[in-house]
Amino acid sequence: MSKDSARTGHANEPERLEGRQSSPHRVVIIGSGFGGLFTAQALRKAPVEITLVAKTTHHLFQPLLYQVATGILSEGEIAPTTREVLSRQENAQVVLGDVTTIDVAAKTVTSQLLGRTTVHPYDSLVVAAGAGQSYFGNDQFATHAPGMKSIDDALELRGRIFGMFELAEGSTDPADIERLLTFVVVGAGPTGVEMAGQIAELSRRTLRRDFRSIDPTKARVILLDAAPAVLPPFGERLGAKAADKLEKIGVEVQLGAKVVNVDATGIDVEDSDGTRRRIDSVCKVWAAGVAASPLGKQLAEQTGAGIDRAGRVEVLPDLTLPGHPEIYVIGDMMSLNRLPGVAQVAIQGGRHAAKEIRAWVAGKQTGHPFKYNDKGSMATISRFSAVAKIGNIQFSGFFAWLVWLAVHLVYIIGFKHRLTTLLHWTVSFIGRGRSERTVTQQQIFARAALERLGENFAPSLPPKAGDAPSWTGAARSQVPPQPNATGSGSREPSRV
C-alpha cells in the first residue's frame, strides 16, 4: 500500500491515480439539496461534465419549511428551481428522476420518471440524497401526523392548521371545538420549537380578530418530547431559556413524554413514570427523528461500509467509501465524527467533494480529510426571540433573532427570493398579517388519496401516441375499487 493509500484508507488508490485520463470526466450528483447543489456550483469552472439527478425540480431551503406551513412564506421563496439556479453553468445538466439503483461495480446510477428508466454512467459520484422523516418504526403515524421534510408536507400542514380554525368556527359542540383547536407538535428540537412557536403566534396574533364564534387565542399548542430537555444540542442553559419563552407565548411544553400511538382524533403518550394518557387533537405535527435515504443501504451492501441506526453511511475521513475513492457521500446521508445533520455540514461537505474531484482531474493528490467548520446552531422561538450557540458563545433574545434573520437570508438562493422573503418577514413580524393563508382540499387530502391507490400505484405517461392522456397509466387496473366519499370505507373525514 502506498503512503497516500494508507492515509486515505483506500487500498486501490494507485489504480485511481492511473485512471485520470478519461475526458470529459463525468460527475453524477444525486440530490438537489444543499450538498448536491453546492457540489455542482463548486465545480463550475472544472473540466467536468456534471449530471445532477433529483426527484424534485427545486432546491429546498428546508430550515424554513415551518414558515411555509404557518403562512409566512410561499413555497417558491424557499424552493427555487434547480434549473434556474444552474442555468448559467454550462457544464451542468439537471435530470428529473427518482434514483432507484446505484451499481458500484458498473459505475452507473439508474433513475426513473413516469415509467421511463435512465442510466447515468459516472467517473465520480456524489451521493447527497438527504433524509426523510423517521417515525421510529411506526410509519403508520404519518397518516395523521405529517412530518416536515418536503413542500408537500408543509402545504398539507398549512391546510390542516388553518383548516382547524375554520372547522371550529362552524361547530357548536364545545368538545369538538376543543380537540380541533388543540395542536400537538412532537419533537423539541429546532424544527419542533420553531413550529410550536409559530402556531402559538398564529393563534394569538394573526387570527385573534378573524373569527366570530371562536376565540383563536384559546387554542392549545402542546410541544411533546421523550427527552428531558428542549433543544438538547444547544445545552442546558439555552434549552431552559427556550422552554421558558415558549411557555410565555402559550406553548405547553411536556417533556419525558413518549408517543405510543397516533390516530385521527388524538395522540397517546407515556410519561416517564410509566403512566399513559391521551391528548385529543385532530392536528398533529411530527418533528422528531430523521432517516437517511434508502440509497445508503445499497451503498453499504456493495462497498462494505457500515450504516448507523438512522441509515447513514459511515464514510472515511475524506467522505468516500472503503475501496471506492470515486464515491462521496455527504450531508444527511453520511456518518462521520458525530457531525449533525445540518445545512452547513452538507454545504461544506459538497465543497470538499468538489475540491477533491478537481484535484483528481488535475492529477493532484487526493484523499484529504474533511474538516468541518462549525458555524453554530440557531433556533427562532417567536418574533424577536431566538437562541444561538456559536462555539462557546451562547446568547438569546432579540440579538439572537437578528443574527438568525441575517444568516437565513444569506443562504436563501437568489436575490429576488431574499427580497420577497424580507418583505414577508416584515409583514409577519412587525405587523400581524401572513401573506400565504390560502389552502385547498387537495393540500389536505392528497396524501390520503395516494395511499388509497395502493403500493402498486406508479404514475406513467401514455405508452404510445394517440392514447388518451393519463398520469396513472396501467397502475389503476392494479388498485381495487374503493368506496365513494360517503361510504363506510372512506377515510377522508379522519384526515381533516
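Residues: numbered from 1 along the sequence shown. In this text, all values refer to a predicted model and were calculated from it rather than measured experimentally.
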> What is the minimum heavy-atom distance between Leu339 and Arg312, and which atoms define it?
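That would be O-NH1, 4.1 Å.
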> Between Leu405 and Phe429, is any pair of side-chain heavy atoms under 4.5 Å apart?
yes
> May I ask you to test the Val230-Val193 pair for a side-chain heavy-atom distance under 4.5 Å?
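Val230 reaches Val193 side chain to side chain.
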> Tell me whether Arg88 contacts the main-chain N or O of Val85 through its side chain, where contact means a donor paired with an acceptor under 3.5 Å.
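Flag not set: sc Arg88 to bb Val85 has no pair under 3.5 Å.
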> Among residues at least two apart in sequence or on other chains, which ones pass ring-ring contact (aromatic ring centres under 6.0 Å, His included) with Phe136?
none
> Can you sort out the partners of Lys258 under side-chain contact (heavy atoms from CB on, under 4.5 Å), two or more places apart, ordered by chain and number?
Ala226
> Could you tell me whether Phe399 atom CZ has more than 12 heavy atoms of other residues or ligands within 6.0 Å of it?
no
> What's the shortest heavy-atom distance between Thr100 and Gln298, and which atoms?
O-NE2, 2.7 Å
> Roughly how far apart are His58 NE2 and Leu37 CG, rounded to 0.5 Å?
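Result: 12.0 Å between the selected atoms.
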> Do you know which of Arg276, Arg278, Lys284 makes salt bridge (charged side-chain N to carboxylate O under 4.0 Å, His left out) with Asp268?
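Looking at Arg276, Arg278, Lys284, the match for Asp268 under the salt bridge (charged side-chain N to carboxylate O under 4.0 Å, His left out) is Arg278.
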> Run Arg383 and Ile430 through side-chain contact (heavy atoms from CB on, under 4.5 Å) and show every step you take.
CA-CA 8 Å; Arg383 70 180 191 130; Ile430 295 180; 5.7 Å; no
> I need the Thr118 OG1 to Gln112 CD distance, nearest 0.5 Å.
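Rounded to the nearest 0.5 Å, the OG1-CD separation comes to 9.0 Å.
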> Is Pro216 close to Asp210 at the side-chain level, that is, under 4.5 Å between some pair of heavy atoms?
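Not touching, per the 4.5 Å side-chain cut-off.
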> Once rounded to the nearest 0.5 Å, what's the spacing between atom OG1 of Thr110 and atom CG of Asp98?
11.5 Å
> Once salt bridge (Lys or Arg N to Asp or Glu O under 4.0 Å) is applied, do any residues pair with Arg434, and if so which ones, sequence neighbours excluded?
none
> Under a 3.5 Å distance rule, please check whether Ser293 uses its side chain to pair with a backbone N or O of Gly130 as donor and acceptor.
no
> For Ala40 and Leu52, which heavy atoms make the closest approach, and how far apart are they?
CB-CD1, 4.2 Å
> Do any pairs count as a salt bridge (Lys or Arg N to Asp or Glu O under 4.0 Å) and have a residue in residues 71-86, sequence neighbours left out, and if so which ones?
Glu75-Arg158, Glu84-Lys416
> Mind jotting down which residue pairs meet the salt bridge (Lys or Arg N to Asp or Glu O under 4.0 Å) criterion with at least one end in residues 65-74? Sequence neighbours excluded, please.
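Qualifying pairs, neighbours excluded: none.
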> Once rounded to the nearest 0.5 Å, what's the spacing between atom CG of Asp332 and atom CD of Gln62?
7.0 Å
> Pairs of donor and acceptor atoms involving the side chains of residues 64-72, under 3.5 Å and at least two apart or interchain, shall be tabulated with distances.
| residue | atom | partner | partner atom | Å |
| --- | --- | --- | --- | --- |
| Gln67 | OE1 | Trp425 | NE1 | 2.6 |
| Thr70 | OG1 | Tyr66 | O | 2.8 |

> Please find the pair of heavy atoms, one from Met195 and one from Ile161, that lie closest to each other, and give the distance.
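Result for this residue pair: CE-CD1, 3.5 Å.
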> Counting C-beta onward and ignoring hydrogens, is there a side-chain heavy-atom pair between Arg447 and Asp152 closer than 4.5 Å?
no
> Do Phe211 and Ser213 come close enough that some side-chain heavy atom pair is under 4.5 Å?
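Not in contact.
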> Any side-chain heavy-atom pair from Gln443 and Phe162 closer than 4.5 angstrom?
no
> Is a side-chain donor or acceptor of Ser428 paired with a backbone partner of Gly433 at a separation under 3.5 angstrom?
yes
> Between Arg277 and Asp271, does any side-chain N to carboxylate O distance fall below 4.0 Å?
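Looking at Asp271 together with Arg277, the answer is yes, because their closest N to O distance falls below 4.0 Å.
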> Give the C-alpha distance, both sets of side-chain angles, the deciding distance and a yes or no for side-chain contact (heavy atoms from CB on, under 4.5 Å) between Thr421 and His408.
CA-CA 10 Å; Thr421 296; His408 283 70; over 6 Å; no
> Give me the atom names and distance for the closest heavy-atom approach of Arg418 to Val410.
NH2-O, 3.3 Å
> Inspect the surroundings of CD in Glu247 and state if more than 12 heavy atoms from other residues, nucleotides or ligands are less than 6.0 Å away.
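Yes, the 6.0 Å shell around CD holds more than 12 heavy atoms from other groups.
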> Shortest non-hydrogen contact from Ile330 to Ala128?
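Smallest heavy-atom distance, with atoms named: CG1-CB, 3.6 Å.
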> Between Glu270 and Val260 (side chain of the first, backbone of the second, donor and acceptor by atom type, cut-off under 3.5 Å), is there such a pair?
no
> Strictly distance-based, threshold 3.5 Å: is any side-chain N or O of Asn138 a donor or acceptor partner for the main-chain N or O of Gln140?
no
> Could I get the full list of salt bridge (Lys or Arg N to Asp or Glu O under 4.0 Å) partners for Arg351, not counting sequence neighbours?
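Salt bridge (Lys or Arg N to Asp or Glu O under 4.0 Å) list for Arg351, sorted by chain: empty.
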> Just so I know, are the side chains of Tyr135 and Val262 near enough to count as touching, which here means a heavy-atom distance under 4.5 Å?
no
> Does Asp139 have any side-chain hydrogen bond (donor to acceptor under 3.5 Å, both in side chains) partners at least two apart in sequence or in another chain, and if so, which?
none
> Answer yes or no: is there an ion pair linking Glu156 with Arg160, defined by an N-O contact shorter than 4.0 Å?
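Result for this pair is yes, salt bridge flagged.
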> Quick one: list whatever passes salt bridge (Lys or Arg N to Asp or Glu O under 4.0 Å) with Arg208, sequence neighbours left out.
none
> With rounding to the nearest 0.5 Å, note down the distance linking CD1 in Ile413 to CD1 in Ile78.
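These two atoms lie 12.5 Å from each other.
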> Checking Leu202 against Gln198 for the side-chain contact (heavy atoms from CB on, under 4.5 Å) test, could you report, in this order, the C-alpha distance in whole Å, the side-chain angles of both residues, the deciding distance, and whether it holds?
CA-CA 6 Å; Leu202 181 69; Gln198 282 305 315; over 6 Å; no
> Please enumerate all residues that pass ring-ring contact (aromatic ring centres under 6.0 Å, His included) together with His120, with sequence neighbours excluded.
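Testing His120 for ring-ring contact (aromatic ring centres under 6.0 Å, His included), a comparison that skips the adjacent residues, returns none.
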> Which atom pairs, one a donor and one an acceptor, fall under 3.5 Å between side chains of residues 177-192 and the rest of the protein, sequence neighbours left out?
| residue | atom | partner | partner atom | Å |
| --- | --- | --- | --- | --- |
| Arg179 | NE | Asp176 | OD1 | 3.2 |
| Arg179 | NH2 | Asp176 | OD1 | 3.1 |
| Thr182 | OG1 | Glu178 | O | 2.6 |

> Glu166: which residues meet the salt bridge (Lys or Arg N to Asp or Glu O under 4.0 Å) condition with it, sequence neighbours left out?
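For Glu166 there are no salt bridge (Lys or Arg N to Asp or Glu O under 4.0 Å) partners, ignoring immediate neighbours.
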> Does Lys149 NZ have over 12 foreign heavy atoms under 6.0 Å away?
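Yes, the 6.0 Å shell around NZ holds more than 12 heavy atoms from other groups.
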> Give a yes or no on whether Gln441 atom CD has more than 12 heavy-atom contacts from other residues, nucleotides or ligands under 6.0 Å away.
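No.
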> Closer than 3.5 angstrom, by distance alone: can the side chain of Gln133 be matched with the main-chain N or O of Gly289 as a donor-acceptor pair?
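At least one qualifying donor-acceptor pair exists.
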> When rounded to the nearest 0.5 angstrom, what is the spacing between NZ in Lys248 and CD1 in Ile381?
10.5 Å
> So do Leu231 and Lys241 actually touch side chain to side chain, heavy atoms under 4.5 Å?
no
